[in-house]
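Worksheet: the structure to be examined is printed underneath.
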Number of protein chains: 2
Amino acid sequence: MDTKTKLISAAEQLFDRHGFTATGMDKLTKAAGMSSRTLYKHAGSKTALITEVLKERHRRFQPHIEVGSVDALFDALEEWIRSESARGCLFLRAYGETGGDIPAITEAVLAHKARLYDKIQDIVAIETDGQAMPELAEQILILYEGATAAAIYRGPKAVVSAHKAASALLKQARS
Amino acid sequence: MDTKTKLISAAEQLFDRHGFTATGMDKLTKAAGMSSRTLYKHAGSKTALITEVLKERHRRFQPHIEVGSVDALFDALEEWIRSESARGCLFLRAYGETGGDIPAITEAVLAHKARLYDKIQDIVAIETDGQAMPELAEQILILYEGATAAAIYRGPKAVVSAHKAASALLKQARS
DNA sequence: AGCAATGTAAAACGATCATTTTACATCGTC
DNA sequence: GACGATGTAAAATGATCGTTTTACATTGCT
């Protein structure tokens, strides 16, 4: 694993576990096993590091939304939450901690969310034989977002409930 | 407005707008219009201040969940989001920023969420003539949570979509 | 052999962090 | 008219913040 990869993945872990602002550069250098000089040569600044972590997170998350059915979408979410993290959406947490005041971070967050909504629209179109149903897509997005949030305090079974609700809404929309 | 009230409401505003960790005590004293000595006499510590802000937030939010129907529940949420804040759930944000490591804060968050779920169970029972339907209640909780999160980037119309989804699930459960 | 790249360790930067302290003013109450 | 409560302003605490710098070691390429 090269230096940059090691840095990004250590940073992602610490940011997810302890928050962005509360994670200092000293803890980052220690966790990534490198000097602060090397860290700054690769990351440039803390803001840039956060942005890169979010972009890498999106890359890693992408396969979980690049699916062809609502069932697969929620199965993938359940797997992610069981194995990766049940601490809420890291993108929204970054947005909240920075108050939306740092353009690069805000852009990364909004791009991720736009991509998520677009993909859900595609999935809904597949499930309904090509019909565009933007409100149904938004409802499934909300169930997806809500499951991620509720899983923090209700565990992975929140995803199962959301999954069933999405299936019911879809079935109703088809009839 | 007495000193303590002024402090709590200034703190709530700053925490919501800029995050908990990023909000320093100097900005708190300036916004609340008091010396740091007075602030510490009333709050004790930053952790205690955050805890009190969350408890006060819960008190102020309570009327919005103490309702008798799913319609009223989502109408109240829509009103809250339009007038108060569309920055996501402040409780979950506090939990995320502290990593769940500060017991007093974690307790306040979990108590709020437990109260929310209990209330939704009551509402579902009213709507279904007394039947206990814990999974339907969880689904409505997820729509509620998801609307709060999605409203950050999709605006208040997310609450309208969630409202319709909740009504549909309820209608289906009744038949 | 020599040079550019990439790394380390460690100190220093000024700013800001949460918190405490020192010294003083303004009250309403007994 | 003294007193306790409640406030202010301002400085000091030691720690930690993000970032830069100085000085040196280890590589791989030409």
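Chain letters run A, B, ... following the sequence lines, proteins first and then strands; every chain starts at 1.
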Quickly work out the [X] [atom1] to [N] [atom2] distance and round it to whole Å.
X	N	atom1	atom2	result
B/Lys41	C/dT20	NZ	P	12 Å
A/Lys46	C/dT16	NZ	C1'	13 Å
B/Asp26	D/dC17	CG	P	17 Å
A/Leu7	C/dG7	CG	C1'	14 Å
A/Met25	D/dC17	CE	C1'	10 Å
B/His18	C/dT16	NE2	C1'	16 Å
A/Lys27	D/dG18	NZ	C1'	14 Å

Do [X] and [Y] sit within salt-bridge range, that is, some charged N less than 4.0 Å from a carboxylate O?
X	Y	result
A/Asp129	A/Arg174	no
B/Glu135	A/Lys157	no
B/Glu56	B/Arg59	yes

Under 4.0 Å between a side-chain N/O of A/His42 and OP1 or OP2 of C/dG7, yes or no?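 Affirmative; the distance criterion is met.
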
Ignoring hydrogens and angles, tell me if any N or O in the side chain of A/Gln139 forms a donor-acceptor pair with the backbone of B/Ser161 under 3.5 Å.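 Checked: pair present.
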
Any donor-acceptor pair under 3.5 Å linking the side chain of B/Glu97 with the backbone of A/Glu97? no

With sugar-phosphate meaning primed atoms plus P, OP1 and OP2, does B/Thr23 contact a base, only sugar-phosphate, or nothing at under 4.0 Å between heavy atoms?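 Since only primed, P, OP1 and OP2 atoms lie under 4.0 Å of B/Thr23, the category is sugar-phosphate.
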
Going by the side chain to side chain donor-acceptor pair (under 3.5 Å) test, name the single residue among B/His58, B/Lys55, B/Arg57, B/Glu107 that passes it with B/His112.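 Single pass found, and it is B/His58.
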
For the helix from C/dA1-D/dT30 to C/dA12-D/dT19, measure the angle between the helix axis at one end and the axis at the other, each built from five pairs, rounding to 10°. 10°

For a 4.5 angstrom cut-off between non-hydrogen side-chain atoms, does A/Asp101 reach B/Arg17? yes

Side chains of B/Glu52 and B/Leu7: does their closest heavy-atom pair fall under 4.5 Å?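 Heavy-atom side-chain distance check fails, nothing below 4.5 Å.
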
B/Thr148 to B/Cys89 - nearest heavy-atom pair and separation: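 Distance-wise, the nearest heavy atoms are CG2-N, 3.7 Å.
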
Protein-nucleotides 8-12 of chain D N/O pairs under 3.5 Å:
{"unit_1": "D/dT8", "atom_1": "OP1", "unit_2": "B/Gly33", "atom_2": "O", "d": "3.3"}
{"unit_1": "D/dT8", "atom_1": "OP2", "unit_2": "B/Ser35", "atom_2": "N", "d": "3.4"}
{"unit_1": "D/dT8", "atom_1": "OP2", "unit_2": "B/Ser35", "atom_2": "OG", "d": "3.2"}
{"unit_1": "D/dT8", "atom_1": "OP2", "unit_2": "B/Thr38", "atom_2": "OG1", "d": "2.3"}

